[in-house]
Amino acid sequence: QHSCKLLIVGGGSGGCTMAAKLSKYERDLIILEPNDTHYYQPMFTLIGGGMKTISQSRSSTKSVIPKNVKWIQDKVKSFNPKVNIVTTSNGDIINYDYMVVSIGLQFNYNQIIGLREALDKKDSGVCTNYSSQYVEKTYQILQNFNGGNAIFTFPNTPIKCAGAPQKIMYITEDYLRRKGKRNKANIIYKTSTPAIFGVKKYAQKLQQICNARNISVGTRQNLIKIDSTQNKATFEFLDIPNKTESLEYSMLHVTPPMGPPDVLIKSSLSNSAGYLDVDPYTLRHNVYGNIFGIGDCTSCPTSKTGAAVAAQSIVVLKNMINVMNGKNIKDKYDGYTSCPLVTGYSKCILAEFDYNLKPLETFPINQGNELRSMLLMKKHVLPFIYWNIMLKGYWNGPKTIRKIMHFGLD
Ligand code: FAD
Ligand code: UQ1
């Protein structure tokens with residue numbers, strides 16, 4: 001039995017950022033997080049390409065939770081928002097006055113037949129950058145590739161970092177070209193979405209890159225089955241009933257289907273799709289006014305990224321402080337999100353946009369072009385910002401930089 005003024009459920013990017021920010025105003029805080037290792041997930045793309053190692057992407061959970069915040073290493077088992085209580089897997093009961101929910105997304109591997117076995121099989125050619133458990137396998141497969149189909153998939157669900165399924169494809173293409181093996185490979189992108197990217201400006205550029213680099217793009221096609229004994233992947237055509245296609249693969253990079261965690265779906269905190277039901281601008285729960293949400297588990301119709309978490313964090317902080325002081329809330333999140341679309345070992349398109357899918361670029365150069373500077377930023381600057389500024393509570397996204405760079409003109 002525990003009691004606190006402020007409970008943070010989930011100690012990933014959103015939870016740890018909010019713990020750092022809120023602990024500067026409030027002493028009576030508990031954070032509930034089951035894992036003892038914290039990963040900087042955006043680095044997984046670079047690990048898959050052999051540009052970073054897994055140990056560079058992680059740190060102990062203890063080291064990313066502020067000293068004056070109490071960490072309970074456990075999972076929420078049920079939410080009881082009517083009585084301001086959560087129960088945990090170990091049977092504890094935690095009572096709170098205010099709560100932040102930041103439990104991210106869960107991977108639903110079982111929605112693709114044979115996926116889990118294929119990933120667990122050592123020499124299967126099937127990998128995913130999405131999990132710390134499998135990300136190192138990607139680079140092994142890349143190094144051992146010796147011709148055939150290299151297939152990259154995007155599932156039929158919302159996912160985090162919607163660019164990541166294709167970033168590893170461009171890295172693979174570049175790798176094979178540098179090793180003189182490009183002509184032995186067919187590089188194929190299979191996506192459930194109707195276009196290669198959701199924002200027109202960047203989609204046009206990415207499609208051009210695929211054409212120029214001989215990458216075949218199939219839209220509205222969804223991976224449903226993997227036969228890892230015969231190295232075959234089966235896709236359904238989402239707009240053509242009953243039509244499927246099976247392809248042989250040498251390399252298959254899968255983005256697993258994702259969804260809100262089961263504990264949220266079955267709670268009274270979720271909307272009909274299972275996500276935490278918050279106001280997309282204020283990030284306050286639509287039914288329970290003492291609950292806020294941040295990050296991937298929320299119903300915000302933004303592209304789910306760490307960059308979005310950064311921009312949301314200042315809004316959640318200010319609005320929560322006002323609620324705790326009995327004042328009206330006024331701060332609003334504009335849907336800002338960002339996706340560094342790594343297009344090879346030396347270049348990156350830095351997509352940044354808002355709820356209207358309108359580009360909202362930080363730097364006064366056209367970020368729709370492939371730029372070396374943006375890859376250097378992704379590799380060296382963003383990890384520094386994450387560990388040393390964001391998780392310490394001082395990063396609210398690049399809005400201030402953008403304003404300075406544009407001389408106050410927006
Ligand atoms: P998470 O950081 O995933 O944290 C959720 C936490 O909740 C976890 O620690 C988990 O253990 C905990 N939890 C789960 N269930 C429970 C429970 N029942 N009780 C208590 N705790 C629970 N973002 C970018 O901005 N730029 C990028 O370039 C980028 N690239 C990416 C590439 C890959 C391959 C991946 C996987 C992600 C990438 N992202 C990127 C996305 C970014 O990592 C996420 O959007 C971000 O981590 C979301 O933060 P979150 O707090 O919502 O979720
Ligand atoms: C960002 O703020 C952020 O959080 C630290 C990321 O990673 C998790 C990002 O990938 C990006 C692109 C941003 C946006 C930052 C700048 C400087 C454009």
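Order of listing sets the numbers, starting from 1, for every ligand and every atom in it.
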Trainee: Distance only, no hydrogens: is a donor on one side chain within 3.5 Å (strictly under) of an acceptor on the other, for Ser60 and Ser63?
Mentor: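 Result is yes, a qualifying pair exists.
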
Trainee: Supply the atom-to-atom distance Asp174 CG to Ser346 OG, rounded to the nearest 0.5 angstrom.
Mentor: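 If we round to the nearest 0.5 Å, Asp174:CG and Ser346:OG are 6.5 Å apart.
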
Trainee: What atoms of ligand 1 come within less than 4.0 Å of a heavy atom belonging to Val309?
Mentor: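 Going through ligand 1 atom by atom, the ones under 4.0 Å from Val309 are 48 (C), 49 (O).
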
Trainee: Report yes or no: does Asp28 contribute a side-chain atom to a donor-acceptor pair with the main-chain N or O of Lys5 at less than 3.5 Å?
Mentor: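 Yes.
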
Trainee: Which of these, Asp296, Val309, Ile159, Thr337, sits in a side-chain contact (heavy atoms from CB on, under 4.5 Å) with Lys304?
Mentor: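 Only one option passes, and that is Asp296.
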
Trainee: Which residue and non-hydrogen atom of the protein lie closest to atom 2 (O) of ligand 1, and at what distance in Å?
Mentor: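 Closest protein heavy atom to atom 2 (O) of ligand 1: Ser13 N, 3.0 Å.
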
Trainee: If the cut-off is 4.0 Å to any non-hydrogen atom of Leu32, which atoms of ligand 1 fall inside it?
Mentor: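 This gives 20 (C), 21 (N) as the contact atoms.
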
Trainee: Among side-chain atoms of Thr343 and Glu370, is any donor-acceptor pair under 3.5 angstrom?
Mentor: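 Side chains of Thr343 and Glu370: pair found under 3.5 Å.
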
Trainee: Using distance alone, decide if ligand 1 has a nitrogen or oxygen within less than 3.5 Å of any nitrogen or oxygen in Gly306.
Mentor: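 Yes.
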
Trainee: Could you pull out, from Met18, Glu33, Gln73, Gln312, the option with a heavy atom nearest to atom 10 (C) of ligand 1?
Mentor: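 Shortest heavy-atom distance from atom 10 (C) of ligand 1: Glu33.
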
Trainee: Can you tell me how far apart SG (Cys210) and CD (Gln166) are? Round to the nearest 0.5 Å.
Mentor: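 Answer rounded to 0.5 Å: 6.5 Å.
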
Trainee: Which atoms of ligand 1 are found less than 4.0 Å from any heavy atom of Asn129?
Mentor: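 Going through ligand 1 atom by atom, the ones under 4.0 Å from Asn129 are 34 (C).
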
Trainee: Test your reading of the structure: does Lys167 have an N or O sitting under 3.5 Å from an N or O of ligand 1?
Mentor: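 Such a contact does occur with ligand 1.
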
Trainee: Give every residue pair that meets the ring pair (Phe, Tyr, Trp, His ring centres under 6.0 Å) criterion with at least one member in residues 41-70, sequence neighbours excluded.
Mentor: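 Sorted result for residues 41-70: Tyr39-Phe44.
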
Trainee: Hydrogens and angles aside, do Ser246 and Lys225 bring a side-chain donor and acceptor to less than 3.5 Å of each other?
Mentor: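 Not at all, the side chains of Ser246 and Lys225 share no donor-acceptor pair under 3.5 Å.
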
Trainee: Using the ring of each side chain (for Trp, its six-membered ring), is Tyr202 parallel, tilted or perpendicular to Phe353, with breaks at 30° and 60°?
Mentor: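 Tilted: the ring planes of Tyr202 and Phe353 meet at 30° to 60°.
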
Trainee: Under 6.0 Å between ring centres, would you say that holds for Phe154 and Tyr189?
Mentor: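 For Phe154 and Tyr189, the ring centres are not under 6.0 Å apart.
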
Trainee: Does the plane of the ring in Tyr345 sit parallel, tilted or perpendicular to the ring in Tyr175? Use 30° and 60° as the thresholds.
Mentor: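 The arrangement is tilted - the two ring planes meet at 30° to 60°.
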
Trainee: Quick one: look up the protein heavy atom nearest atom 53 (O) of ligand 1 and list residue, atom name and how far away it is.
Mentor: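 In this structure, atom 53 (O) of ligand 1 has Gly104 CA, 3.6 Å as its nearest protein heavy atom.
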
Trainee: Provide, to 0.1 Å, the distance between atom 26 (N) of ligand 1 and the closest protein heavy atom, together with that atom's residue and name.
Mentor: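 Answer, as residue, atom name and distance: Pro340 CD, 3.8 Å.
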
Trainee: Quick one: does Val263 get an N or O within less than 3.5 Å of an N or O on ligand 1?
Mentor: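 No, Val263 has no N/O under 3.5 Å of an N/O on ligand 1.
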
Trainee: Would you please classify the geometry between the Tyr40 ring and the Tyr386 ring as parallel, tilted or perpendicular, with 30° and 60° separating the classes?
Mentor: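 It falls in the tilted class, 30° to 60°.
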
Trainee: For Cys161, counting its heavy atoms only, list the atoms of ligand 1 lying under 4.0 Å from any of them.
Mentor: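 Near Cys161, the atoms of ligand 1 are 27 (C), 29 (C), 30 (N), 31 (C), 38 (C), 39 (N), 40 (C).
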
Trainee: Among Asn319, Ile329, Val316, Asn290, find the residue that satisfies the side-chain contact (heavy atoms from CB on, under 4.5 Å) test when tested with Arg284.
Mentor: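 Among Asn319, Ile329, Val316, Asn290, the one that satisfies the side-chain contact (heavy atoms from CB on, under 4.5 Å) with Arg284 is Ile329.
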
Trainee: Decide, yes or no, whether a salt bridge links Glu117 with Lys121 under the criterion of side-chain N to carboxylate O below 4.0 Å.
Mentor: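 So Glu117 does not pair with Lys121 through a salt bridge.
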
Trainee: Tell me, which protein residue and heavy-atom name are nearest atom 19 (N) of ligand 1, and how many Å apart are they?
Mentor: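 The protein heavy atom lying closest is Val76 N, 2.9 Å.
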
Trainee: Quick one: look up the protein heavy atom nearest atom 36 (C) of ligand 1 and list residue, atom name and how far away it is.
Mentor: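 Result for atom 36 (C) of ligand 1: Tyr130 CD2, 3.4 Å.
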
Trainee: Could you tell me whether Lys24 sits above the aromatic face of Tyr394, with NZ or CZ closer than 6.0 angstrom to the six-membered ring centre and within 45 degrees of the axis?
Mentor: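 Because its charged atom sits under 6.0 Å from the ring centre and within 45° of the axis, Lys24 does stack over Tyr394.
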
Trainee: Considering both backbone and side-chain atoms of Asp296, is one of its nitrogen or oxygen atoms within less than 3.5 Å of a nitrogen or oxygen in ligand 1?
Mentor: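 Yes, there is a polar N/O contact under 3.5 Å.
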
Trainee: Does this structure show an ion pair linking Glu173 with Arg182, if we count only N-O contacts that are shorter than 4.0 Å?
Mentor: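 Answer for the salt bridge query: yes.
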
Trainee: Does ligand 1 have any atom that is closer than 4.0 Å to a heavy atom of Pro261?
Mentor: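 Judged by the 4.0 Å heavy-atom criterion, Pro261 does not count as contacting ligand 1.
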
Trainee: Could you tell me whether Cys297 and ligand 1 have an N or O pair separated by under 3.5 Å?
Mentor: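 Min N/O separation from ligand 1 is not below 3.5 Å for Cys297.
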
Trainee: Any N/O of Gly14 closer than 3.5 Å to an N/O of ligand 1?
Mentor: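 Yes, since at least one N or O of Gly14 sits under 3.5 Å from an N or O of ligand 1.
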
Trainee: Ser102 heavy atoms, cut-off 4.0 Å: which ligand 1 atoms fall inside?
Mentor: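 Checking each atom against Ser102, I get 5 (C), 6 (C), 7 (O).
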
Trainee: Under 4.0 Å from a heavy atom of Gly12: which atoms of ligand 1 are those, numbered in the order shown and with their elements?
Mentor: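 Near Gly12, meaning under 4.0 Å from one of its heavy atoms, ligand 1 has 2 (O), 4 (O), 6 (C), 9 (O), 51 (O).
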
Trainee: Side chain, backbone, both or neither: which applies to Cys339 and ligand 1 if a contact is any heavy-atom pair less than 4.0 Å apart?
Mentor: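 Looking at Cys339 and ligand 1, no heavy atom falls under 4.0 Å.
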
Trainee: Does Lys378 have a non-hydrogen atom less than 4.0 Å from ligand 1?
Mentor: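 True for this residue.
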
Trainee: Purely on distance, is any nitrogen or oxygen of Gln41 under 3.5 Å from one on ligand 1?
Mentor: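 It does: an N or O of Gln41 is found under 3.5 Å from an N or O of ligand 1.
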
Trainee: If I take atom CE from residue Met390 and atom CG from residue Asn396, how far apart are they, to the nearest 0.5 angstrom?
Mentor: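 If I round to the nearest 0.5 Å, the distance is 9.5 Å.
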
Trainee: Could you list, one pair per line, each nitrogen or oxygen of ligand 2 together with any protein nitrogen or oxygen closer than 3.5 Å, giving atom names and the distance rounded to 0.1 Å?
Mentor:
| from | atom 1 | to | atom 2 | distance (Å) |
| --- | --- | --- | --- | --- |
| ligand 2 | 2 (O) | Trp395 | NE1 | 2.9 |

Trainee: With a 3.5 Å cut-off and sequence neighbours excluded, list the donor-acceptor pairs that the side chains of residues 254-266 form with protein atoms.
Mentor:
| from | atom 1 | to | atom 2 | distance (Å) |
| --- | --- | --- | --- | --- |
| Thr255 | OG1 | Thr153 | O | 3.0 |
| Asp262 | OD1 | Gln106 | NE2 | 3.0 |
| Lys266 | NZ | Lys77 | O | 3.4 |

Trainee: Could you work out, for atom 22 (C) of ligand 1, the closest of Ile103, Thr337, Asp262, Thr138 by heavy-atom distance?
Mentor: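 That would be Ile103.
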
Trainee: Where the closest heavy atom to atom 40 (C) of ligand 1 is concerned, which of Ser131, Gly293, Gly397, Pro42 has it?
Mentor: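 Closest candidate by heavy-atom distance is Pro42.
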
Trainee: May I ask you to list the atoms of ligand 1 that are less than 4.0 angstrom from any heavy atom of Gly295?
Mentor: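 The list of qualifying atoms is 52 (O).
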
Trainee: Report yes if some N/O of Asn35 lies less than 3.5 Å from some N/O of ligand 1; otherwise report no.
Mentor: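 So ligand 1 has an N or O lying under 3.5 Å from an N or O of Asn35.
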
Trainee: Taking distance alone, no hydrogens or angles, what donor-acceptor pairs closer than 3.5 Å link side-chain atoms of residues 141-152 to residues at least two apart or in another chain?
Mentor:
| from | atom 1 | to | atom 2 | distance (Å) |
| --- | --- | --- | --- | --- |
| Asn144 | ND2 | Gln140 | O | 3.2 |
| Asn146 | OD1 | Lys184 | NZ | 2.8 |
| Asn149 | OD1 | Asn186 | ND2 | 2.9 |
| Asn149 | ND2 | Glu248 | O | 2.8 |

Trainee: Suppose I only count heavy atoms of Lys304 and a 4.0 Å limit; which atoms of ligand 1 are within that range?
Mentor: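 Listed by number with element, the hits are 45 (O).
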
